[in-house]
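The analysis underlying the following values was restricted to heavy atoms, covering all of them including side chains, and did not include hydrogens, waters or symmetry mates.
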Protein chains: 4
Amino acid sequence: MSDNDLHWTSAITQIKPNEVRLRGYRIDELMGQVTFAQAIFLALVGHLPTPEVGRLLDAMLVASIDHGVTPPSTLAARTAASTGAPLNAALAVGILSINRHHGGAIEDALRIIQQVAARIETDAIPVSQAADDLVATYRTEGKRLPGLGHRLHTNDPRTIRLFALAEEAQLNGSGVKIIQALSDSLAQQTQRRLPVNVDGALAALLFDLGIAPELANAFFMMARLPGLVAHIHEEQTRERPVRPIHPTDHDYDGPENTSIGG
Amino acid sequence: MSDNDLHWTSAITQIKPNEVRLRGYRIDELMGQVTFAQAIFLALVGHLPTPEVGRLLDAMLVASIDHGVTPPSTLAARTAASTGAPLNAALAVGILSINRHHGGAIEDALRIIQQVAARIETDAIPVSQAADDLVATYRTEGKRLPGLGHRLHTNDPRTIRLFALAEEAQLNGSGVKIIQALSDSLAQQTQRRLPVNVDGALAALLFDLGIAPELANAFFMMARLPGLVAHIHEEQTRERPVRPIHPTDHDYDGPENTSIGG
Amino acid sequence: MSDNDLHWTSAITQIKPNEVRLRGYRIDELMGQVTFAQAIFLALVGHLPTPEVGRLLDAMLVASIDHGVTPPSTLAARTAASTGAPLNAALAVGILSINRHHGGAIEDALRIIQQVAARIETDAIPVSQAADDLVATYRTEGKRLPGLGHRLHTNDPRTIRLFALAEEAQLNGSGVKIIQALSDSLAQQTQRRLPVNVDGALAALLFDLGIAPELANAFFMMARLPGLVAHIHEEQTRERPVRPIHPTDHDYDGPENTSIGG
Amino acid sequence: MSDNDLHWTSAITQIKPNEVRLRGYRIDELMGQVTFAQAIFLALVGHLPTPEVGRLLDAMLVASIDHGVTPPSTLAARTAASTGAPLNAALAVGILSINRHHGGAIEDALRIIQQVAARIETDAIPVSQAADDLVATYRTEGKRLPGLGHRLHTNDPRTIRLFALAEEAQLNGSGVKIIQALSDSLAQQTQRRLPVNVDGALAALLFDLGIAPELANAFFMMARLPGLVAHIHEEQTRERPVRPIHPTDHDYDGPENTSIGG
């Protein structure tokens, strides 16, 4: 193979002496003018979001930043940390433990929202009918609907807040309507309501923001990374090495309840 | 071992039905009121930063979001991606390739800033003298000073911007003074100036914000994750599987130069 | 959840004070009496292989121990190693780079062998007809047949040797017949012979040994691990940190050609 | 940088059309004539071991193939597996959980054996005196001696067998003498005997075989990989996804006690 054949290109970042440009924008111009969440959108989607979308993205990332010590990604990362793993290795362990059965519901929910949206358009039917049909199909096939219901939260406060923020900014589009219609259809068909969980809410908003399903899990991983860092650091500074880590027998002993207002 | 011995506690997140609290704050209250960067600080340090610190943190994270296709973490992640790795596996590969010789300079620079700061305090000497001594020691031992100089950027635009933003917000403290003093001492002793690079600038600001050195690399990893996601996605959508990835023969073919003003 | 609900069992290894048993066998009895390859079979399949199967397994593992610096798993592991990654992190990088497009052909080939074997049984047709049909289907669908052909080796010496050893030990069963029939069918239908490559040969033998397809890639990973260790060690002892690693411009400079006879 | 500067060499494997050579040996010649353990030695050390060394290496690898569900690497790998991780990702998790506090004792023990051996040579003192001095130093510094004592096994059957096999083959050299002298010195100085554990035994034999300390942990990782594969496969075939995995409340339910003789 001639060496010329190996030439390749990338459309993400341009590096020149004393100049770094992300998707065409000077990075030193972005710094101080856009939030990290806005820059994430730019890196992934290729253009800057509006400030309203930026604020919603910040809220979406904050929503998933941590969910305590129960998730398997947290337990696996702490287990690795307890053996003396460097921070990046323990982080890799956490990220490798985000899969179909943990974290994967965002992508799954996004894909069913896409399916319903496609049917609405191709068959020119109302959202309620498209949702009814998909729920019926899932029930016939004995499959669980992703994005609905939660082991612990009957009315997930993160969903409520995300949908309120999206509505305020008039960013709630057909994605939000579809996931809510799916919850309604399920309640009607089963007499049991499973409210939209945070995965379903994130999926709906990612759909409305035009983010590709294969990036949905990336969104969750970027959001969860700081939580994993905090747990790894806590494990290595508070616990003895290679302790057996009980998956359910634990309590919170951090700062007392407080609020931004104080 | 009786099962009681396995009880443990964590001070990061408290989960109750319909209530998630990060370091004491309801996460649905944080959403929409703080940026992701501010929530990262809360997760890692344990209290909310001021809005000024929050803006600086956003800029610090944006500064490191991507540096093109040259860094080994990017090349390793793209190599894994080209074999058909799922996104989280390719991300883990990228994170596992951030080590002493790539990304590690932030922690190293933070540690020498700490050393110099400690000497200033214990020996009650001026910053210039403490910097001179440390540079002299490093030169005697034939060691490179971390945080100074760059293969490509003679005057790193990210450093300039970070220091300007810190000064505006009056957040530039002894960390910034020390890293600049180290660059000055080196210039004086060697007749060759190595300006503060982005690693050195981040280290100085992390010191001034009171972030522990062992979290410094975590900061870089959190910042770089979106860039890695973008590269993995690009590799899997634009390139053929298992292509040989040339480490230097590549060009940028993304959006043309633009600016926020338009 | 009551703690009793968390009780669980495993059928692999029993640990008592001064006694370790793998699948029922005292590990100190196994040591010195079975090879590592035989113990691998015991660990994965649950019973000891015959000595003949053991010898074949040793040969199968030796066959895949290394394939030079070209494979993406090797390049990714060396890239991580060059950043100063600890050995286990660089190994993890290598393993994470073994996926569908690299290493995955063993599992894929094993699955088509299973398909053909199932058709032979259910439809009571000869192997040649079942092979013809599968090849025709693959060609219609424009899919490549896994386990056949090699970028470099027109007649893979590892395949020749594996099939000879299997024949000697009378361990070549329907798996070997099927993969060869697939190569024959393809040659007949396209006038172009793609000989069975090492992935196809391993798949055929794993089928004949009754190893589950989902363990086929594990087999490759176990075999390749020592090669990855050797490359990581070489990178960290012979090369400078974070060098750009050219994917094709390299040569061999190791020991001269030799043979066991001397 | 001109492209010529990127040319590089490797001394491990030479690939030509229809010819694969490992450290100079045709791989198809090695297949069927050497065990996987012997080929591992060849890959790492660069020359073929004698058949006696080969048998000892097989026994050493078998010794560490699995240690049940208690080790953190096993628990972390099963946690990842329970989230639906692909096999290679769960394996990477297991390998990333082998660190200083788990698995690392082999390298640590090998390094103190090296220290003692160096003192015997430079100071021309008997092994007992060198061992006494090192034990005294460790006790003064409050450090634990690696390679001695076990949480569960008072007389590790794997150590007994490894030393017996080494003696039979006349491969027990100064490494074995030194680790035993360290156990003796400790018993004399503390009135409490901590017998050589399997990590200490492996370290002693790796020293006697001339394997570099930085490869000692690699040896453990290669040995443990099949055990990890078995646990990941068991988790994914016997347990429900994302179950809480109790670290101590588990039992063995595999094959009954048996022996090779039958």
Side-chain angles (χ1 to χ4, degrees), chain A residues 6-15 17-18 23-24 28-33 35-37 39-40 43-44 58-59 61-63 65-66 68-69 87-88 91-92 95-96 98 152-153 155 157-158 161 165 218 222 225-226 229-230 244 246 249-260, chain B residues 6-15 17-18 23-24 28-33 35-37 39-40 43-44 58-59 61-63 65-66 68-69 87-88 91-92 95-96 98 152-153 155 157-158 161 165 218 222 225-226 229-230 244 246 249-260:
Chain A
L6 297 184
H7 182 80
W8 60 291
T9 57
S10 170
I12 300 166
T13 294
Q14 185 171 30
I15 310 285
N18 302 328
R23 303 290 191 184
D28 52 331
E29 190 199 10
L30 295 171
M31 292 161 62
Q33 295 206 61
T35 67
F36 183 43
I40 290 175
L44 299 193
D58 266 305
L61 290 163
V62 171
I65 199 168
D66 196 52
V69 300
L87 181 66
N88 66 339
L91 274 180
I95 286 176
L96 291 169
I98 295 173
L152 189 68
H153 306 306
N155 210 357
R158 297 165 295 180
R161 184 80 173 126
L165 289 166
M222 291 184 289
L225 205 68
V229 172
H246 198 293
D249 187 13
H250 42 68
D251 281 313
Y252 174 76
D253 69 347
E256 284 183 22
N257 290 358
T258 184
S259 71
I260 298 178
Chain B
L6 297 185
H7 182 80
W8 59 292
T9 58
S10 169
I12 300 166
T13 295
Q14 185 172 30
I15 310 286
N18 302 328
R23 304 286 191 186
D28 51 331
E29 191 199 9
L30 295 170
M31 292 161 63
Q33 296 206 60
T35 67
F36 184 43
I40 290 174
L44 299 193
D58 266 305
L61 290 162
V62 171
I65 198 166
D66 196 52
V69 301
L87 181 67
N88 65 339
L91 274 180
I95 287 176
L96 290 169
I98 295 173
L152 189 67
H153 305 306
N155 210 357
R158 298 165 295 181
R161 184 80 173 125
L165 289 167
M222 292 183 290
L225 206 68
V229 172
H246 197 293
D249 186 13
H250 43 68
D251 280 313
Y252 174 76
D253 68 348
E256 285 183 21
N257 289 358
T258 183
S259 71
I260 298 179

Mind ranking [options] by heavy-atom pairs under 4.5 Å with chain B and telling me who comes out on top?
{"options": "A:Pro157, A:Gly254, A:Ala37", "result": "A:Pro157"}
{"options": "A:Leu30, A:Leu44, A:Leu152", "result": "A:Leu152"}
{"options": "A:Leu87, A:Leu96, A:Ile98", "result": "A:Leu96"}
{"options": "A:Asn18, A:Val62, A:Asn88", "result": "A:Asn18"}
{"options": "A:Glu256, A:Gln33, A:Arg158, A:Arg161", "result": "A:Arg161"}
{"options": "A:Val69, A:Asp58, A:Ile95", "result": "A:Asp58"}

For [X] against [Y], the heavy-atom pair lying closest together:
{"X": "A:Arg23", "Y": "A:Ala11", "result": "NH1-O, 3.1 Å"}
{"X": "B:Ala230", "Y": "A:Ala43", "result": "CB-O, 3.6 Å"}
{"X": "B:Ile15", "Y": "A:Gly68", "result": "CD1-N, 4.1 Å"}

Using heavy-atom distances under 4.5 Å, tell me whether A:Leu91 contacts chain B through its side chain, its backbone, both, or neither. side chain
Contacts of type side-chain contact (heavy atoms from CB on, under 4.5 Å), residue A:Ala59, not counting sequence neighbours: A:Leu162, A:Leu165, B:Met31
Can you list the residues that meet the side-chain contact (heavy atoms from CB on, under 4.5 Å) rule with B:Gln14, with sequence neighbours excluded? A:Tyr252, A:Asn257, B:Lys16, B:Arg21
Measure up the B:Phe36 and A:Phe36 rings against each other and bin them: parallel (under 30°), tilted (30 to 60°), perpendicular (over 60°). parallel
In terms of heavy-atom pairs under 4.5 Å, which option from B:Asp253, B:Asp66, B:Ile40, B:Thr35 contacts chain A the most? B:Asp253
